[in-house]
Peer 1: 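Handing you this structure, nothing more for now.
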Number of protein chains: 2
Amino acid sequence: MYEVARHAGVSLATASRVLNGSSRRPGDAISERVKASAAELGYIANAQAQGLAKKNSGMLGLILHDISDPYFSTIARGVQGSVQDQQKVVLLASTGGGPASERRAVATFAARRADAIVIAGTRTDTEKAAGENELLLTELRRYKANGGKVAVIGQPVVGSVPDDGFHTVPVPNRQLSLQLAADLACAGHRRFLILAGPEGLVTSDERLAGFQEGLKQAGLDPAEVRRTGFNRDGGYDAAVTLAEDLNSGTPSARTGAGDGPAVCVFAASDVMAIGAIAGLREHGLRIPEDVAVAGFDDIETLRDFTPALTTAQLPLSSLGSEAVARVLAEDPPQDPFVAQGHIILRHSTETS
Amino acid sequence: MYEVARHAGVSLATASRVLNGSSRRPGDAISERVKASAAELGYIANAQAQGLAKKNSGMLGLILHDISDPYFSTIARGVQGSVQDQQKVVLLASTGGGPASERRAVATFAARRADAIVIAGTRTDTEKAAGENELLLTELRRYKANGGKVAVIGQPVVGSVPDDGFHTVPVPNRQLSLQLAADLACAGHRRFLILAGPEGLVTSDERLAGFQEGLKQAGLDPAEVRRTGFNRDGGYDAAVTLAEDLNSGTPSARTGAGDGPAVCVFAASDVMAIGAIAGLREHGLRIPEDVAVAGFDDIETLRDFTPALTTAQLPLSSLGSEAVARVLAEDPPQDPFVAQGHIILRHSTETS
DNA sequence: CTGAAAGCGCTTACAG
DNA sequence: CTGAAAGCGCTTACAG
C-alpha cells in the first residue's frame, strides 16, 4: 500500500481512505488516481494488518460436530452463504462433538479474533461433562467480554443464563416430534418404539420427550425407549436387536399379525432411521408392512430413499443463516427466532 | 502480552519466546514464571498480530463448490482433520462452482494471507469459461509468487503448467470408470446409456471418456450419451425421458424383453444416479429388473440405499488430507499421489 | 480535504 | 541467555 500511495502521489492515510470504506472520503480526482495505481500494481490489502489496526477481523468462526454429516453440512451452507454476503469469511472447526473440543475451538477462534462464533450441534448435559461444560462456558464468556458475539444453534450452552447475551437459534425438536407422534397416532399407529441417542444428548432427549408427550396427548401409552448411538450404526444395531425380538416372538414381538405393522419405530434422526431400516431389512422385515419407521431432519440426500421416509423437516440452512444474521447485526432482534418446520408423512409409515 | 511480561518481570521479547515456539528458549526458571503469569492472566495470543509479524498465518483456505454436497463435505472432513492436526485453521469458501467465483475466493484468501489454498471441485473447460480460467490462473500464480502454496484436488487448473508448481491430487475418474465399464460388461450388460453433466465439466467428461474406453476394450459399442445437469435433478430429468422412451417403445427402447435389464445406465455421480432411479421408478420401471443403474463416488449417506448402488468408491476424505499434507509439507513428495479407489458391484446392476 | 504520527500486538535480528 | 528497538501493513484520531 505504501507503493500505491507513492505511485499515486498521495499519503498512506489517503490511500487507505480511498481503498477501504472509510467515512472520510477524499476528492474524486485523488480517488481515481489511487484506484488506478492500486489496480496497476495489483494491490491486495493485508487483511491481517487491517484486523490488527481495526477492531474487527471480518472472520466468523463456525463450530460443528462433523462437517461430513449432512445435518451439519447443510447448516454450514446457510452460515457460509450469509457470511459471504456480508463480505466476511468463515473459519471452520469440526470438533467431533463434546464440550471439551468445542472449548478448544472457541479458544482458537478467540485467538484469531473472530468477530463472532456460531456453535451448532447438540449440547451434552451429563454429570460427566459438567466440568467441560463449565470450561466451555467460561471460555465463551471471556470471548464475549472481549467483544465477541456468540450464537448457538439448538439449545443454550449448558449452564448459560440469558444475561450472558449469547444468541440462541432454537431447533424445534420438541414441538416437531410431538407433532410427529400426533400425526402417526392419527394415521393409526398404536405401538411405538423410540430409538434414541445416549441420555444427556440434548437434541436426542428433546426429540424423545416431545414424542412421548405427543403420544400422551393422543391418549396412548408411552413408547419403549432403546438407547443407542446417535448415528447410522446406532440405528442399525438397535434394529437388529428389534428384528431378533420380533422374529423370535418375545414380549416385544409382533402383536397385530396381518393388519399393519407390528410397531412404529421413531428414530431420533434420519441417519439413525436409515441404519434402522437397513438392519430390519437384513432380517427379513419389510418397511412399512412389518415395521413402520420414522426419522427426523429430512436430510436432502435421503429424500429419494425407498421407502420414502416419514420425517420432520428442519430448515437447516435457514438456521445457519439466521444465526449469522443475529450475530452480525448491529441491533439484533430480541425476540427468539421461530424456525419453521413441519412433518412429512411418507411411505415408510403407511399403515395398510 | 505486555501485561504478562510485566507481571513476570521480564521483557516482551522473553515472554514472546517462552510463550510461542521460538528456537531460542529462555532458562527454566524464567520460563516457568512467564507461563504462570500467562495462565494467571488468561493470556491468549493474538494470532493476527503474530501473523503480521511472522511470515505465516496458520490458515489454510479451502475452496469447494458446495459444502452441503456430500462429495465435498467428505473432502472437507479430510482437509479439516489434517489441518487441525497441524494446529492450523481452515478458511472455508463454498463458491457454487465456476472459475470466476473461485478466483474471487483465491483473492480473499490471498488478502488474508492464508499459507495455502486447496481447491476441490471439477474444472470447467469450455470456450465460454476461457477468460475466467485465465483470470483464476493469474490469481493463483500471483498468490504463489507471494509465497502461497496451492493444491488442486481433481484436475490441474485449466491452462496451468507443471512449472507453476501447483500440487495436484488427481482423482482417478478415468481409471475407475473404465474399470466400472469392464466389470459391468463382465456381468453381462451389453447396452449402456451414460448420463453425463454438461460438456466441459472435466470430472464428468473424464468419467464419460473412461467408461467409453472400458466398453471399447470389452469389445462393445460406445454407449449413447445424454447430457444433463451434473446433480440429482439432472439424473431425474434424464431418467424421466428415458423411461418415456422405454415405455413407448421408441428406438432406444427395451430390446431383450424378459432376460435382464434392457439397458444399463451409468450416471456420472451417485447423486445423479439416485435422481435417475427416482425418475425411473416413478414411471414404473424396476431397478435392476428393467433398468440397471450405476453411479460414481460411493457417497457414505447413500450406502443403505435400496437397491444398493453399484458405484466406484473414491477415498474422498483421504484426497482432502493428502492435499493438505502436500501443501503443508516443507519438502512435499514429487511423485503424484495415487488415490486408491475400487469398484463395488451391488444390487442395482444385477442381471438376473 | 489531506498528511504526519502513533498505535494495533506481536516477532526477531541485533546488541549487550 | 536477555533486552531494547525496529518492523510487520494497516487505520485513525489529531493537526494543519
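Chain letters run A, B, ... following the sequence lines, proteins first, then strands; residues in each count from 1.
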Peer 1: Under the side chain to side chain donor-acceptor pair (under 3.5 Å) test, which residues partner B/Ser57, sequence neighbours left out?
Peer 2: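 Side chain to side chain donor-acceptor pair (under 3.5 Å) list for B/Ser57, sorted by chain: B/Asp115.
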Peer 1: Keeping to residues at least two apart or across chains, list the salt bridge (Lys or Arg N to Asp or Glu O under 4.0 Å) pairs with something in residues 65-82 of chain A.
Peer 2: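 Passing the test, one end in residues 65-82 of chain A: A/Arg77-A/Glu300.
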Peer 1: Measuring to OP1 and OP2 of C/dG3, would you say a side-chain N or O of A/Thr14 lies under 4.0 angstrom away?
Peer 2: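 For C/dG3, OP1/OP2 do have a side-chain N/O of A/Thr14 under 4.0 Å.
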Peer 1: List the residues meeting salt bridge (charged side-chain N to carboxylate O under 4.0 Å, His left out) with A/Glu139, not counting sequence neighbours, and say none if there are none.
Peer 2: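 Here the qualifying residues are A/Arg103, A/Arg142.
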Peer 1: In a check of side chain to side chain donor-acceptor pair (under 3.5 Å) between A/Ser37 and each of A/Arg6, A/Glu3, A/His7, which one passes?
Peer 2: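 For A/Ser37, the side chain to side chain donor-acceptor pair (under 3.5 Å) check succeeds only for A/His7.
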Peer 1: Rounded to the nearest Å, what distance is computed from the CZ atom of residue B/Arg113 to the C1' atom of nucleotide C/dC10?
Peer 2: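 Answer to the nearest Å: 17 Å.
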Peer 1: Would you sketch DNA chain C in dot-bracket for me? Only Watson-Crick or G-U wobble pairs with both distances under 3.5 Å count, crossing pairs as [ ], other-strand pairs as |, the rest as dots.
Peer 2: |||.||||||||.|||
Peer 1: Separation of B/Leu12 atom CG from C/dC8 atom P, in whole Å?
Peer 2: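 These atoms are roughly 12 Å apart.
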Peer 1: Would you mind listing every ring-ring contact (aromatic ring centres under 6.0 Å, His included) that reaches into residues 69-107 of chain A, with sequence neighbours excluded?
Peer 2: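 Residue pairs with at least one partner in residues 69-107 of chain A: A/His65-A/Phe72.
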Peer 1: Round to the nearest Å and state the distance from B/Glu32 atom CD to D/dC1 atom P.
Peer 2: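 Rounded to the whole Å, the gap is 16 Å.
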Peer 1: Does B/Asn56 use its side chain to pair, donor to acceptor, with the backbone of B/Gly58 at less than 3.5 Å?
Peer 2: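 Checked: no pair found.
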Peer 1: Grab the CG-P distance between B/Asn146 and D/dC8 for me, whole Å please.
Peer 2: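 Taking CG of B/Asn146 and P of D/dC8, I get 15 Å after rounding.
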Peer 1: Does anything in residues 120-145 of chain A form a ring-ring contact (aromatic ring centres under 6.0 Å, His included)? List the pairs, not counting sequence neighbours.
Peer 2: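 Sorted pair list comes back empty.
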Peer 1: Separation of B/Leu19 atom CG from C/dG9 atom C1', in whole Å?
Peer 2: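 Value for this atom pair: 13 Å.
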Peer 1: Quickly work out the A/Arg6 CZ to C/dT2 P distance and round it to whole Å.
Peer 2: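 Roughly 21 Å, once rounded to whole Å.
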Peer 1: Under the salt bridge (charged side-chain N to carboxylate O under 4.0 Å, His left out) rule, collect the residues that match up with A/Asp164, sequence neighbours excluded.
Peer 2: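 Listed in chain order: A/Arg141.
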Peer 1: Is any side-chain N or O of A/Lys55 closer than 4.0 Å to OP1 or OP2 of D/dT12?
Peer 2: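 For D/dT12, OP1/OP2 do have a side-chain N/O of A/Lys55 under 4.0 Å.
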Peer 1: What I want to check is whether an N or O donor and acceptor connect the side chain of A/Arg17 with the base of C/dG3 at under 3.5 Å.
Peer 2: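 Between C/dG3 and A/Arg17, which were checked side chain against base, a qualifying N/O pair under 3.5 Å is present.
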Peer 1: Sort and list the pairs that fulfil salt bridge (Lys or Arg N to Asp or Glu O under 4.0 Å) and have at least one residue in residues 55-64 of chain B, not counting sequence neighbours.
Peer 2: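 Passing the test, one end in residues 55-64 of chain B: no pairs.
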Peer 1: Does anything in residues 42-54 of chain B reach DNA chain D, meaning a heavy atom under 4.0 Å, and if so which residues?
Peer 2: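 Residues of residues 42-54 of chain B that come under 4.0 Å of DNA chain D are, in numerical order, B/Leu52, B/Ala53.
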Peer 1: Rounded to the nearest Å, what distance is computed from the CG atom of residue A/Asn56 to the P atom of nucleotide C/dG9?
Peer 2: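 Taking atom P of C/dG9 as the reference, CG of A/Asn56 is at 14 Å.
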Peer 1: What's the CZ-P distance between A/Arg33 and C/dT2, to the nearest Å?
Peer 2: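 After rounding, the reported distance stands at 9 Å.
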